[in-house]
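Everything numeric here is computed off the predicted structure, so don't read it as measured data. We count ligands from 1, going down the list as the structure has it; atoms in each ligand are counted the same way.
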Amino acid sequence: MKGKNLVLTGFMGSGKTSVGIGLSYRLKMTVEDTDKLIERREGRSINEIFAAFGEDYFRQRETQILEELTQIGNGRKIYSLGGGTPVNPQNRELIRRLGTVIWLKVSPGTVYERLKDDQSRPLLAGEHPLERITGLLESRREAYEACADLIVDVDGKKVEEIVDEIEKKLKEGIKPPVAKGETT
Ligand code: S3P
């Protein structure tokens with residue numbers, strides 16, 4: 001297995017924050033949320049950053065944070081990433097360097113149910129949120145897949161069950177998912 005850090009990736013509403021907290025108790029590891037690191041540094045919420053400086057600025061901040069975190073080296077940390085972080089290929093390289101990457105795979109319907117009353121995601125604001133979620137998720141699927149050492153389906157599961165599943169896989173020693181086109 002790669003370094004000891006764990007990295008949680010997945011779409012908005014896939015449960016990265018709650019699973020990160022659950023894992024941190026279970027594995028006695030500190031959890032850090034890269035969105036929170038950016039918010040703290042900028043002194044603004046994600047919504048405010050998008051509104052004041054735009055998405056490109058936010059994406060630059062994401063890459064900058066990842067670069068810094070990879071410099072710290074391997075500690076016993078859990079990093080929970082923003083849902084769009086793996087879209088940039090440069091970020092994917094950094095994410096893979098950061099530690100063992102766990103993709104919390106979620107369906108559009110689950111995301112919609114979880115986030116329909118949530119106003120904190122600028123990319124889901126506006127009309128037809130389910131269509132937006134479906135389109136964005138589809139366009140990002142390959143980016144998540146390209147990073148993942150472990151894929152966990154989260155639909156219909158409680159945080160506790162997801163944490164159990166991840167812990168079990170870690171104990172077994174994660175085998176990287178088979179790349180597309182390869183056979184076992
Ligand atoms: C984003 C996801 C958000 C946050 C920002 C952009 C995205 O993080 O980084 O709103 O592009 O999917 P969460 O996945 O924690 O909601």
Does ligand 1 have any atom that is closer than 4.0 Å to a heavy atom of Arg140? yes
Show which atoms of ligand 1 fall inside a sub-4.0 Å distance from at least one heavy-atom site of Gly82. 8 (O), 9 (O), 14 (O)
Note: heavy atom closest to atom 6 (C) of ligand 1, options Arg59, Lys36, Arg61, Lys16, belongs to Arg59
Closest protein heavy atom (residue, atom, distance) for atom 7 (C) of ligand 1: Gly84 N, 3.3 Å
Contacting atoms of ligand 1, where contact means under 4.0 angstrom from a heavy atom of Arg121: 16 (O)
Which of the atoms in ligand 1, numbered in the order shown and given with their element, are less than 4.0 Å from a heavy-atom of Asp35? 3 (C), 4 (C), 8 (O), 9 (O), 13 (P), 15 (O)
So for Glu39, does at least one of its heavy atoms come nearer than 4.0 angstrom to any atom of ligand 1? no
Is a side-chain donor-acceptor pair under 3.5 Å present for Thr100 with Asp149? no
May I ask you to list the atoms of ligand 1 that are less than 4.0 angstrom from any heavy atom of Ile46? 5 (C), 10 (O)
Measuring from atom CZ of Phe58 to atom OG1 of Thr85, what distance do you get when rounded to the nearest 0.5 angstrom? 6.5 Å
May I ask you to decide whether Glu160 forms a salt bridge with Arg26, counting only side-chain N to carboxylate O separations under 4.0 Å? yes
Looking only at side-chain N and O atoms, does Ser45 offer a donor or acceptor that is under 3.5 Å from a partner on Asn47? no
Hey, which atoms in ligand 1 end up nearer than 4.0 Å to a heavy atom of Pro122? 10 (O)
Taking heavy atoms and a distance under 4.0 Å, where does Leu123 meet ligand 1: side chain, backbone, both or neither? side chain
To the nearest 0.5 Å, tell me how far Lys16 NZ sits from Leu23 CG. 14.0 Å
Does Arg141 make a cation-pi contact with Tyr144 (under 6.0 Å, within 45 degrees of the axis)? no
Ion pair Lys169/Glu165, N-O distance below 4.0 Å: no
